[in-house]
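Heads up: the structure comes next, in structure tokens.
The chains referred to below are lettered A, B, ... by the order of the sequence lines, with proteins before strands, and numbering in each begins at 1.
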Protein chains: 2
Amino acid sequence: MGNQHVTSAKSPVAEFKVGVDNVIFSVDTQRNRLLILLVKRPNDPFANYFSLPGTLVRRSESLETAAYRTLSEKIEVENLYLEQLYTFGEPGRDPREYQDAIENRYLSVSYFALVRYEDTTLITKSNKKTVWHSLKEIPQLAFDHNRIVDYGYQRLRNKLEYSPIAFKVLPEAFTLNDLYQFYTTVLGENFSDYSNFRARLLKLGFLTDTGLKVSRGAGRPAALYRFDEDAFALLKDKPLVFI
Amino acid sequence: MGNQHVTSAKSPVAEFKVGVDNVIFSVDTQRNRLLILLVKRPNDPFANYFSLPGTLVRRSESLETAAYRTLSEKIEVENLYLEQLYTFGEPGRDPREYQDAIENRYLSVSYFALVRYEDTTLITKSNKKTVWHSLKEIPQLAFDHNRIVDYGYQRLRNKLEYSPIAFKVLPEAFTLNDLYQFYTTVLGENFSDYSNFRARLLKLGFLTDTGLKVSRGAGRPAALYRFDEDAFALLKDKPLVFI
DNA sequence: ACAAAAGTGTTACCGTTACACCCATGC
DNA sequence: GCATGGGTGTAACGGTAACACTTTTGT
């Protein structure tokens, strides 16, 4: 990176359309699958390719609002976590930039979301263009969306280790095994021994026993816990690790 | 950016100018100050306020290139670390949006940079509009730049704890005290005992003794170490903590 | 009764913390 | 020789990892 005191004629400021693309994850705890929401593109560019659900930002609409709008156009869901991921904006990342004589750049602000799988219903207007797709078999996506997915998956793993986003997406009352399954599905089988995971979580003190039990087939019934926001708030900004 | 099935009257897609704003940190190890680069705005909006150095993205220029360009317009520096920080884009964050009848949004993609203070020379064209400012006494900045600074400072502390960016900015050969001072200046006095910091770092094995010593006034001369890229690469993706 | 699921306990080990202490140099 | 800065050692503590074990249910 040098020190160019650019005196030469500088190229004019670019005009942008700004898109928001969402990496929306959910965990199918029944079948132990980590899912990502994809839509099939009806039109060019990349017609019939899958892509991340996205939209162009409209007038007097914030980025986050646009992200929520995209989400609510594709799925109905109450419980979710959403945050900004990364902004991709190299020239040439969208073929539409070259359609006109005058350059019109497309910038993508990506958002990361985690939603509750069980109470999510896809909005598929009779066509099957919006689908959950297992992360393990993501096809070639439109634009640079494969890269965005990778980035989002990294973020998901980090968030899971250092912050309590799982509880935004688990049911109100859950068993410690539910929680463990959730973590296992995202982080892989050997992320931690169940007994140690259990001990760590309980020691942290923000999971309170509801007193209720649930029996799933054979075996001892499991205690139902719930996430205690207040108890958790006390641990704020303490290095919190679920490993 | 896809296929919105919206049948209601939807507001039209917004047109954006995209700015890049840099949060540029440096550490003045002599005087133990954490510094941030600010520029005084010559024109409205926010004339005579300090702001982050920034620029509008030009045609066929990538975001990162724009970030590097801004940097090189303000300072001459060889050794630095740079990464994207966050994107701010709510409507109304730039007063210029309301100048014309037709809405013209301003989006800010912020970048985080850490540069070597000692070999940085400010490019101040005879006016003193570009200055290092101690982080402890940041004034009211233009736009939403105070928020961006806060965000950048958080990132700096995190990066310092989990990644080796300090070595991008320290001299080739440095003493363990140099390193410790650096960390102390950024993270605060009580982030760790020197002897423990030292033991941890040396145990990690990517600091190699150059054999050289340096004497600074009275006291035992200090060994000069250097950062061993190769040794560090082996530890990649292992949870690396300097605390 | 026995398999299955949930939950508890134990032990060896390693990293962290908070110090006290030793070493080499300038003045 | 003593202050100054650099460097080493250590003992208490607490968390982690791996594993064995006990408890409670369904069939």
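The base of C:dA5 has none of its N or O atoms less than 3.5 Å from a complementary donor or acceptor on the side chain of A:N177. Between the side chain of B:S195 and the base of D:dG9 there is at least one donor-acceptor pair of N/O atoms closer than 3.5 Å.
For A:N146 (side chain) and A:P139 (main-chain N/O), a donor-acceptor pair under 3.5 Å exists by modelled atom type.
Nearest nucleotide to the B:R198 side chain, out of D:dT25, D:dT8, C:dG7: D:dT8. Listed candidates were C:dC23, C:dG7, D:dA18. Nearest to the side chain of A:D193 is D:dA18. When each of C:dG7, D:dG26, D:dG7 is scored by its nearest atom to the side-chain atoms of B:R220, the top-ranked nucleotide is D:dG7. Side-chain proximity of B:R200 to C:dT17, D:dA17, D:dT4: nearest is C:dT17. Closest to the A:A222 side chain, of the nucleotides D:dG7, C:dG7, D:dT25, is C:dG7. Distances were taken from every side-chain heavy atom of B:A218 (C-beta onward) to each of D:dA18, C:dC19, C:dG26; the shortest belongs to C:dG26.
Dashed line: the shortest gap from a side-chain N or O of B:Y194 to OP1 or OP2 of D:dG7 is under 4.0 Å.
B:R216 has a carboxylate O that lies under 4.0 Å from a charged side-chain N of B:D178, or vice versa, which qualifies the two as a salt bridge. A salt bridge does not link A:E161 with A:R157: none of the charged nitrogens is closer than 4.0 Å to a carboxylate oxygen.
A straight line from NZ of B:K203 to C1' of D:dG9 spans 12 Å, rounded to a whole angstrom. Rounded to whole Å, atom C1' of C:dG15 lies 16 Å from atom CZ of B:F242.
When heavy atoms are screened at a 4.0 angstrom cut-off, B:A223 is found touching the sugar-phosphate backbone but no base atom.
Between A:G217 and B:L176, the residue anchored nearer the 5' end of DNA chain D, judged by the nucleotide with its closest heavy atom, is B:L176.
Geometrically, A:R147 does not engage A:Y151 in a cation-pi contact, judged by NZ or CZ lying under 6.0 Å from the ring centre and within 45° of the ring axis.
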